[in-house]
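Each ligand, and each atom within it, is numbered from 1 in the order the structure gives. Excluded from the calculations below are hydrogen atoms, water molecules and symmetry mates; all remaining heavy atoms, backbone and side chain alike, are included.
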Amino acid sequence: MTQEEVFKNLIAHAKEYGFIFPSSEIYDGLSAVYDYGQMGVEMKNNIKKYWWEAMVRLNDNIVGIDSSIFMHPRIWEASGHVGAFNDPLIDNKDSKKRYRADVLIEDYLAKLEEKMNKEVEKGKKKFGEAFNEEQFRATNPNVLRSKAKWDEVHGRMTEALNKNDLVELRQIIIDCEIACPISGTKNWTDVRQFNLMFSTQLGNISDEAGTIYLRPETAQGIFVNFLNVQKTGRMKIPFGIAQIGKAFRNEIVARQFIFRMREFEQMEMQFFVRPGDEMQWFAKWKQARLAWHKALGLGEEKYRFHDHEKLAHYANAATDIEFEFPFGFKELEGIHSRTNFDLSQHQKFSGRKMQYFDPETNESYVPYVIETSIGLDRTFLAILSTAYTEEKLEDGEERVVLKIPAAIAPVKMAVLPLIKKDGLPEKAHEIMNMLKIDFNCQYDEKDSIGKRYRRQDAIGTPFCITIDHDTLVDNCVTVRDRDTMKQERVPVGSLWTIMDKKVNVRELLKGLHEDTEI
Ligand code: ATP
């Protein structure tokens, strides 16, 4: 089965077992918007808990907030989102399809590269051992022609993007004779700037003054509350403010399931430091965040850093933690050294001082910031796609099992009386009542025990606890492990302690605490 087919199966599985539903499905859905079902919401909450506790609980100098989605519109002018959070878009008049102009040109450049590589391959075949690629690329007329074209178009595109020259972007598309992949025609509209922020109107103010935005990131809610938190919490630099919340972006190319959505959730933390100390903190946070990911146990080889060579104008260092999704390595979290850009901008736009008085140096300054910004939904997808396993068992049977880390799994244990009579359900309820205060448990007495195990495998329940006739005599139960399918007899008296050690997020955090204390 190809990766693509497995990914399709995963999406179908996520729906069938109550993890993720397409939004508004009975109205044929809403593009790039999803709902989390009864299993999904539990798992999402567990991820949030793991992040929140690792940030806020384990670090004495980090506190959390929950700011609102609507904010004063001037905030988005100060942050640069009104002016610069734009994509240049163009429509094909025949197919009515909308594209990012720069992506169309980049696809054209990729085709030129492909053409050059093909020439090189041909040369390799022709000259065999004696082939010198460098010399071939420097002299072959076909390669040189394509290279000259590539350089010209790339140069024009970069300049047009830098100058925000939309007319020139369109002219490049015309000059290169780029056709719409759907209609095959070159019947293009003008290029327009398209802001990725959703806007709406405040109350009954219908003109521009009433325009407000759905936040495209949670970070600005932290920046504008910097002084409130610092003063009321008596925070001393270095310190951090963490927040989990919804963000909205009118993404043009929204695809790959919950990887790129129009409404999503972020877990962000801004760490305020003394100017000049930022590189040291940037390095620390890179390591701390990678350790957080690795502790989940999805496989160390699935993560890599991608350092940014081209930095945003306000950043002096930036890296992405990329994860190997079913469609390749893609950004999961961004770690940015944002200098004092945001606080200085808010100082300028609001007229309020955003300064900190440092009692150690007797100086006032606008702090520098290291940001860690991770997508909750992308983390969900990273875990779910790694956990999804189609297995052929020794007895020839097949099972689909979600090998979700126990601390993140939506249901921790299933409590299963072997049969529906002889006092077994009563005993099972007794055990269920003991466990359910601390753990999300499911009680199930329907169908054969084998079928019930499969149902729990399919939602990733790490442990099944079976109550049989012997239980009534020896007060022991059978605990079945989801991954190994091994069974073990355990006294009811020790059940809580054994389970707690295996499924509590505390165990993940303990390991983390030793490795990454900030
Ligand atoms: P990308 O390059 O993939 O569009 P980005 O660089 O714009 O992402 P940031 O602005 O750094 O992303 O946002 C921080 C994090 O928020 C990302 O690492 C990602 O996990 C998450 N994120 C951003 N956009 C989306 C989206 N449309 N859907 C889901 N998660 C998102």
Identify, for [atom], the protein heavy atom at the shortest distance, and state residue, atom and that distance.
{"atom": "atom 4 (O) of ligand 1", "value": "Arg260 NH1, 2.7 Å"}
{"atom": "atom 19 (C) of ligand 1", "value": "Arg378 NH1, 3.4 Å"}
{"atom": "atom 29 (C) of ligand 1", "value": "Phe259 O, 3.2 Å"}
{"atom": "atom 22 (N) of ligand 1", "value": "Phe264 CE1, 3.5 Å"}

I want to check a possible cation-pi pair here: [X] against [Y], using under 6.0 Å from ring centre and within 45° of the ring axis as the test.
{"X": "Arg378", "Y": "Phe259", "value": "yes"}
{"X": "Lys246", "Y": "Phe264", "value": "no"}
{"X": "Lys284", "Y": "Trp281", "value": "yes"}

Examine [X] together with [Y] and report whether their ring centres are nearer than 6.0 Å.
{"X": "Phe226", "Y": "Phe272", "result": "yes"}
{"X": "Tyr213", "Y": "Phe248", "result": "no"}
{"X": "Phe7", "Y": "Phe327", "result": "yes"}

Tell me whether Gly375 has any N or O atom under 3.5 angstrom from an N or O of ligand 1.
yes

What are the atoms of ligand 1, with element, lying closer than 4.0 Å to any heavy atom of [X]?
{"X": "Glu251", "answer": "24 (N), 26 (C), 27 (N)"}
{"X": "Ser373", "answer": "13 (O), 14 (C), 15 (C), 18 (O)"}
{"X": "Glu333", "answer": "18 (O)"}

Do other residues, nucleotides or ligands put more than 12 heavy atoms under 6.0 Å from the NZ atom of Lys330?
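Yes.
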
Would you tell me which option among His336, Met261, Glu217, Gln256 has the nearest heavy-atom contact to atom 26 (C) of ligand 1?
Met261

Using heavy-atom distances, let me know which of Gln266, Glu263, Glu331 sits nearest atom 16 (O) of ligand 1.
Gln266

With a 4.0 Å cut-off on heavy atoms, does Arg249 reach ligand 1?
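Yes, Arg249 has heavy atoms under 4.0 Å from ligand 1.
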
Any heavy atom of Leu332 closer to ligand 1 than 4.0 angstrom?
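The answer is yes, since Leu332 has a heavy atom less than 4.0 Å from ligand 1.
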
Which is it for Glu268 and ligand 1 at heavy atoms under 4.0 Å: side chain, backbone, both or neither?
neither

Using 4.0 Å as the upper bound for N to carboxylate O, is an ion pair formed by Asp457 and Arg399?
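A salt bridge links Arg399 with Asp457.
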
So, Glu301 and Tyr303: side-chain donor and acceptor under 3.5 Å apart, yes or no?
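Looking only at side-chain atoms, Tyr303 and Glu301 do not form any donor-acceptor pair under 3.5 Å.
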
